[in-house]
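It should be emphasised that the depicted structure is a prediction, and the values quoted were computed from it without experimental measurement. A note on names: the letters A, B, ... follow the listed sequences, proteins ahead of strands, and every chain is numbered from 1.
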Amino acid sequence: EAQVTQNPRYLITVTGKKLTVTCSQNMNHEYMSWYRQDPGLGLRQIYYSMNVEVTDKGDVPEGYKVSRKEKRNFPLILESPSPNQTSLYFCASSIFQGETQYFGPGTRLLVL
Amino acid sequence: GEDVEQSLFLSVREGDSSVINCTYTDSSSTYLYWYKQEPGAGLQLLTYIFSNMDMKQDQRLTVLLNKKDKHLSLRIADTQTGDSAIYFCAESRYNTDKLIFGTGTRLQVFP
């Protein structure tokens, strides 16, 4: 089954404790992206990647890192999480940039 | 600006039609999308329309695009309780990597 998976689905952590949210797609898509969803703000793009080893900042990249060592995986790293990063995070992929994006199920993060 | 705007709430009776509206500001939009988000779930692509089209129909869904007014709408015919969700419109622009989302419209369907 073609899908985008994220882990974990739910995470509670404390300020400053590094965490990684994984994202994986099995559709051989070149383009992958991370979004955060906050009430009243819709979805905002954090980082995106057009291909392996190619990443770039989206609209709200501060406090986040990503890597794209393999085509299928695009982990989101929070080196020192803060409470304002409490949010719902979505990973998405598409075959190429500008094409239809397919979303993972979301990761709900709470930073205390 | 990069705003994509939607009204926050819509309430309809089961069996009626729902119309969810979206306005955008950038005339260079290439594709416009509608996504559905059910409670506790991710985003599901419902349909999309290329910017040189006026209308697209897919079963109960009809997308209308008015490029002059930069207005996009999603009509759901014979709305069911299973259609209750948040609906996001989004646009992508020529030769960019970004997908710009609206704030979402919460559709509530009552019996």
Portion of [X] that has a non-hydrogen atom of chain B nearer than 4.5 angstrom:
X: Gln6(A); value: neither
X: Leu43(A); value: both
X: Arg44(A); value: neither

Are [Y] and [X] co-members of a hydrophobic cluster defined by side-chain heavy atoms under 4.5 Å apart?
X: Tyr35(A); Y: Leu109(A); value: no
X: Leu10(B); Y: Phe88(B); value: yes
X: Met53(B); Y: Leu74(B); value: yes

Heavy-atom distances under 4.5 Å only: say whether Leu45(B) touches chain A with side chain, backbone, both or neither.
-> side chain
Would you find more than 12 non-hydrogen atoms of other residues, nucleotides or ligands less than 6.0 Å from [X] atom [atom1]?
X: Tyr24(B); atom1: OH; answer: yes
X: Leu110(A); atom1: CG; answer: yes
X: Glu53(A); atom1: CD; answer: yes

To the nearest 0.5 angstrom, please state how far the CD atom of Gln101(A) sits from the OH atom of Tyr33(B).
-> 7.0 Å
Quick one: pull up OH in Tyr35(B) and OH in Tyr102(A) and give me the separation to the nearest 0.5 Å.
-> 8.0 Å
Of Gln37(B), Gln44(B), Gln6(B), the largest count of non-hydrogen pairs under 4.5 angstrom with chain A goes to Gln37(B)
